[in-house]
Amino acid sequence: MALAGCRTQFDAMLASNDVDGKYEEAFRLFNMKKYKKSAALFESLSLQTSGTERDDTVRYYWALSNYKNQDYVTAEANFGSFLDLYSRSPFTSDSRFLKIDCMYRSTYRWELDQNPTNMAIFAIREYISEFPESGNVPVCELMLDELQDRLDRKEFENAHLYYKMEDYIAAKTAFKNVLKDHPDNRYREEVLYFLAKSSYKYAQNSVSMKQKDRYMDFVDHYYNFIGELPDSKYRPDLDQMYARYQRSTGVATASRKDLSAERKADKNADRIIRKEEKQIRKEKYAKEKERKQKLK
């Protein structure tokens with residue numbers, strides 16, 4: 001019975017024309033973290049306070065209540081409407097960032113549609129460009145980092161699907177397109193590896209009269225790979241393919257000792273590169289840890 005009474009009391013307040021009482025109750029519920037109810041009251045109030053000095057406060061807390069209630073789609077729409085009306089309110093700066101955060105939180109895993117991801121990236125970059133001194137910029141950069149990684153993985157996995165289907169010529173084309181469209185893809189190492197491997201498989205499965213030219217395509221990709229990533233974890237696998245290619249064709253090429261000597265000549269440079277890559281990984285881990293803490 002008590003619960004029914006509470007519901008009746010809330011419903012009565014929701015339908016009330018007592019703006020002051022409703023305003024006070026909305027904030028009481030908000031401060032008690034009853035965000036679903038406070039959102040309903042602020043929404044109702046927005047019809048009654050439109051055009052008054054309370055309007056921006058009511059609309060902001062309506063959006064914030066939905067945000068706190070983790071209804072990010074509604075909150076994004078709320079913040080968007082607020083920003084359309086108020087460009088100079090004390091709540092405008094926070095609303096810009098919180099709208100972006102809603103967009104970020106409404107994106108999908110890499111396996112799903114990435115249109116929301118692209119829209120979020122555009123909005124985040126626009127925010128950083130307009131407010132470079134904002135304290136929210138570090139969080140925005142962490143969001144960008146994660147969203148870009150998602151897009152890069154999507155590109156790689158789409159191309160990799162052809163390889164898993166054993167459609168090696170389609171895989172070659174897809175991996176080449178990844179490198180052409182986005183040469184800085186974060187999965188570049190994997191893309192180069194599977195491009196070489198697809199070339200090898202394609203040549204291996206070809207009729208004998210066409211194998212020579214197709215193996216040469218593999219050789220090109222093999223040397224591109226070891227030239228760019230001589231210490232890659234994928235190097236041994238590609239070395240084995242290259243050795244099998246040599247045995248099957250009888251082509252005389254540089255020995256492994258020769259290749260090893262070339263690598264030793266650049267060992268100091270390689271050591272520096274590995275050190276820098278290790279530092280980058282540490283910084284990325286630290287940023288990700290900081291992002292998760294800030295977004296809690």
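No experiment lies behind these values; they were computed from the predicted model shown.
Every ring-ring contact (aromatic ring centres under 6.0 Å, His included) that Y60 has, sequence neighbours left out, goes to F91. R125 pairs by the salt bridge (charged side-chain N to carboxylate O under 4.0 Å, His left out) definition with nothing, not counting sequence neighbours. Applying the salt bridge (charged side-chain N to carboxylate O under 4.0 Å, His left out) criterion to K172, with sequence neighbours excluded, gives D217. With sequence neighbours left out, the salt bridge (charged side-chain N to carboxylate O under 4.0 Å, His left out) criterion links E130 to R96. Every residue was checked against the salt bridge (charged side-chain N to carboxylate O under 4.0 Å, His left out) condition with D184, not counting sequence neighbours, and none meets it. With sequence neighbours excluded, no residue forms a side-chain hydrogen bond (donor to acceptor under 3.5 Å, both in side chains) with S198. Not a single side-chain hydrogen bond (donor to acceptor under 3.5 Å, both in side chains) links N69 to another residue, sequence neighbours left out. Y162 meets the ring-ring contact (aromatic ring centres under 6.0 Å, His included) test with no other residue; sequence neighbours excluded. When the ring-ring contact (aromatic ring centres under 6.0 Å, His included) test is applied to Y215, the partners found at least two apart in sequence or on another chain are Y200, Y245.
When atom types are taken as modelled, the side chain of Q114 and the backbone of L112 share a donor-acceptor pair closer than 3.5 angstrom. Judged by distance alone, the side chain of D71 and the main-chain N or O of N66 form no donor-acceptor pair under 3.5 Å. Formation of a donor-acceptor pair under 3.5 Å by the Q211 side chain with backbone atoms of A203 is found in this model. Side-chain N or O atoms of T173 include one that pairs as donor or acceptor with a backbone N or O of I169 at under 3.5 Å. Between the side chain of K22 and the backbone N or O of L14, at least one donor-acceptor pair lies under 3.5 Å. Side-chain N or O atoms of D145 include none that pairs as donor or acceptor with a backbone N or O of E141 at under 3.5 Å. Judged purely by atom type and a 3.5 angstrom limit, N224 uses its side chain to pair as donor or acceptor with the backbone of D220. Panel note: side chain S46, backbone E43; a donor-acceptor pair is recorded below 3.5 Å.
Contact record, G135 with P138: O-CD, 3.3 Å, taken as the closest heavy-atom pair. Here the closest non-hydrogen pair linking D55 and S50 is OD1-CA, 3.6 Å. Closest approach of S206 and R214 over heavy atoms only: OG-NH1, 2.9 Å. Nearest heavy-atom pair across A123 and I100 is O-CD1, 3.6 Å. Closest heavy-atom contact between L29 and S38: CB-CB, 4.0 Å. Nearest approach of Q48 to S16, heavy atoms of both residues: NE2-O, 3.2 Å.
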* **Worked verdict on T52 versus T49 for side-chain contact (heavy atoms from CB on, under 4.5 Å)** => CA-CA 5 Å; T52 71; T49 60; 3.5 Å; yes
* **Audit row: E157, H160, side-chain contact (heavy atoms from CB on, under 4.5 Å) steps and yes/no** => CA-CA 5 Å; E157 294 290 354; H160 189 219; 3.8 Å; yes
* **Intermediate values then yes/no, side-chain contact (heavy atoms from CB on, under 4.5 Å), Y222 and M241** => CA-CA 9 Å; Y222 169 76; M241 291 181 203; over 6 Å; no
* Please test R105 against Y67 for side-chain contact (heavy atoms from CB on, under 4.5 Å), starting from the C-alpha separation and ending with a verdict. => CA-CA 10 Å; R105 292 173 185 271; Y67 176 84; 3.7 Å; yes
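By the 6.0 Å contact criterion, CZ on R244 is enclosed, its count of non-hydrogen atoms from other residues, nucleotides or ligands being greater than 12. Counting heavy atoms of neighbouring residues, nucleotides and ligands inside a 6.0 Å radius, atom NZ of K154 exceeds 12 of them.
Under the 4.5 Å side-chain contact rule for hydrophobic residues, W110 and Y108 do not share a cluster. Follow the hydrophobic side-chain contacts under 4.5 Å out from F97 and you never reach F122; the two are in separate clusters.
Going from atom OH of Y187 over to atom CG of L192 covers 15.0 Å, rounded to the nearest 0.5 Å. The CZ atom of R150 lies 3.5 Å from the OG1 atom of T107; values are rounded to the nearest 0.5 Å. We find the CG-CG distance between D94 and L64 to be 8.5 Å, quoted to the nearest 0.5 Å. Here CG of D167 is found 14.0 Å from NZ of K201. Values are rounded to the nearest 0.5 Å. For the atom pair CD (E76) and OG (S81), the distance works out to 10.5 Å, reported to the nearest 0.5 Å. Within the model, atoms CG of N17 and OG of S44 stand 8.5 Å from one another, a figure rounded to the nearest 0.5 Å.
Between P90 and D56 there is a side-chain heavy-atom pair separated by less than 4.5 Å. Using a 4.5 Å cut-off on side-chain heavy atoms (C-beta onward), F156 and R186 make no contact. Looking only at side-chain heavy atoms (C-beta outward), F194 and Y168 stay at 4.5 Å or farther from each other. Between K197 and D237, the closest side-chain pair of non-hydrogen atoms falls below 4.5 Å. In this structure the side chain of R59 never reaches within 4.5 angstrom of the side chain of N78, judged on heavy atoms. Side-chain contact check for F225 versus Y234: some heavy-atom pair is nearer than 4.5 Å. Within the 4.5 Å cutoff, the side chain of V178 has no heavy atoms near those of the L195 side chain. Between L238 and I226 there is no side-chain heavy-atom pair separated by less than 4.5 Å.
R28 and E25 are joined by a salt bridge, as a carboxylate oxygen and a charged side-chain nitrogen come within less than 4.0 angstrom of each other. With salt bridges taken as basic N to acidic carboxylate O contacts below 4.0 Å, none links R153 and D149. Using a 4.0 Å cut-off between charged side-chain N and carboxylate O, R235 and D231 make no salt bridge.
Side chain to side chain, Y127 and S134 meet the donor-acceptor criterion of an N or O pair below 3.5 Å.
Ring geometry for Y86 against F82 counts as tilted: the plane angle lies between 30° and 60°, on a 0 to 90° scale.
Other members of the hydrophobic cluster containing L161, listed by chain and number, are M165; membership follows side-chain contacts under 4.5 Å among ILVMFWY residues, whether direct or relayed. Apart from M209 itself, the hydrophobic cluster it occupies contains V207, where clustering links Ile, Leu, Val, Met, Phe, Trp and Tyr at side-chain heavy-atom distances under 4.5 Å. Cluster partners of M119, by chain and number: M103. The rule joins Ile, Leu, Val, Met, Phe, Trp and Tyr whenever side-chain heavy atoms lie under 4.5 Å apart.
For the pair R54 and Y23, the cation-pi test (distance below 6.0 Å, angle within 45°) is passed.
Checking each of F30, W62, F27, F42 against Y35 for a ring-ring contact (aromatic ring centres under 6.0 Å, His included) leaves exactly one that passes, namely F30.
Not less than 6.0 angstrom separates the ring centroid of Y193 from the ring centroid of Y163.
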